[in-house]
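Chain letters run A, B, ... following the sequence lines, proteins first, then strands; residues in each count from 1.
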Amino acid sequence: MYSASDLRKGLRFKLDGEPHLVVDFDFVKPGKGQALYKCRLKNLITGSQFERSFRSVDNFEEADIQEKEMQYLYFEGDKYCFMDNETFEQLYLNADQVGEAKNFLLENLVVEVMLFEGRSLGITLPNSVDVIVTEALPWIKGDTVSGNNKPVKIETGYQLQVPVFVEQGEKIRVDTRTGEYVTRVKD
Amino acid sequence: MLAREERHAVAGSLEIRAALLDAVRRFFRSAGYLEVDTPALSRHALPEVNIEPIVCPDFGVLLPSPELFMKQLLAKGYEKIFQICKCFRAGEIGTRHRQEFTMLEWYRKQANYWNLMEECEALIAFIANSFAPKIKPTRKGKTVAIIPPFARMEMKEAFASFAPYSLSQALNSSCFDEIFATTVEPRLPREEALFLWGYPAEGFAKTQSDAPAFAERFELYIGGLEIANGCSEIETEQENTSAIKRSLAQRATSGKKLNSLPPFYASNYQLPPSAGCALGIDRLVMLFAGEEDIGSVLAFDEFAR
């Protein structure tokens, strides 16, 4: 059980049965009024954010949230399969649960899975991944018409803009948070 | 690199604080006030509804305000007194609050809350002048104009202008604090100073004679930041007894500890007609240093949340 005085940025608790994260927090007490704990909360299931004030007498249930490192194994049917490398326990997530992360899910990649009461709330990728360019138009030296970038496809099927000198078969680093090209990688 | 920048920021606000305290003392001395120094550690605290002192077992309490002793000096015949001191409020930690903070408090005999609004305004203008033109009061990157007379807005009007509910709706639903904090306060003018008055009756402020549900109390906001709170003081034992009763009853309903009353308040309370005002020095430093977080203007800040 948490009390209002435990509230701070980053605290996670259960509100109306669902896990919430305190994104922003302030203690306010205008005039001679009562203390209010002003929070910006994020519902960790729906992702929606909203403002809510609590009074000092309010209590909050702890949210049973676990963060586990798991390795992505394979995609089968409509499920993504992950494995806990310590317990060998396997977890299957659907496309909704994986979300945008699917663009950079490479086999054997280690990701962080957030679980609420055993249910997955989503996965967090490493900030960058190295991927192979599978489709790219060849670079014609002196081509100034097409600008400095060109679209390529990477091994997961995701498309992005890269500098014109990047060739098919090369490895590039991509920022998973923005989905943008970072650099070429030489093995 | 960062450490150097941080050091620079602290030095800036420390210098502003020193100059500000100096200006406050010059203002009150030239207005004929006596600077006093009353205890911070006391055996008793006033039973405020929403303020908790810091209790030091076996020693007493660190006071949330010097009010308790300064009013006794008024009763003893001192007519114009001011004090700059450390005050303590348990559990108050936020971007505008610390459990220990510096307060300016002053009391004046033969004055009411309207008179103190004028004095408050003159004090702020005096301080702003002493910093001008180099240092200007700033909130969220914008200069706040300090041009007396400041606007005076009744709480009723503030609710009508800024809140989705009227003041009486808010009071009837016991949501005054929430609605004020979430919808009224954030919409107060950002580039000027303003007095809010017509607060609901509470605590130890005198009630309005023609509207006893409201207090003779005001708050000064500068650029939307709450800076000072003033009121006409309760004069008679009868008023004092009912204020204490109301306060104790409200404390009891919210399950708060009922401390023993300071002797002066327990019997024979008597004050000449007078008014008092309390002003947060750290907040004023924030304003002139252009800082949005109180922690940025403290020399040391161990208790940030």
Colleague: Between B:Glu92 and chain A, with a heavy-atom cut-off of 4.5 Å, which part of the residue counts as in contact: side chain, backbone, both or neither?
Modeller: both

Colleague: Taking the six-membered ring where the residue is Trp, are the ring centres of B:Phe214 and B:Tyr199 under 6.0 Å apart?
Modeller: no

Colleague: Which atoms of A:Lys38 are under 4.5 Å from chain B, going by heavy atoms: the side chain, the backbone, both sets, or neither?
Modeller: side chain

Colleague: Students often mix this up, so state it plainly: with edges at 30° and 60°, are the rings of A:Phe13 and A:Phe60 parallel, tilted or perpendicular?
Modeller: tilted

Colleague: Evaluate the ring planes of A:Tyr72 and A:Tyr80, with Trp represented by its six-membered ring, and classify them as parallel (under 30°), tilted (30 to 60°) or perpendicular (over 60°).
Modeller: tilted

Colleague: Answer with side chain, backbone, both or neither: which region of B:Phe218 has an atom nearer than 4.5 Å to a non-hydrogen atom of chain A?
Modeller: neither

Colleague: So for B:Ile93, is it side chain, backbone, both, or neither that comes closer than 4.5 Å to the heavy atoms of chain A?
Modeller: backbone

Colleague: Given heavy-atom pairs under 4.5 angstrom as the criterion, report whether the side chain, backbone, both or neither of B:Glu178 touches chain A.
Modeller: both

Colleague: Looking at A:Phe25, does the NZ or CZ of A:Arg8 lie under 6.0 angstrom from its six-membered ring centre and within 45 degrees of the ring axis?
Modeller: no

Colleague: Any donor and acceptor pair, going by atom type alone, linking the side chain of A:Thr183 with main-chain N or O of A:Arg173 inside 3.5 Å?
Modeller: no

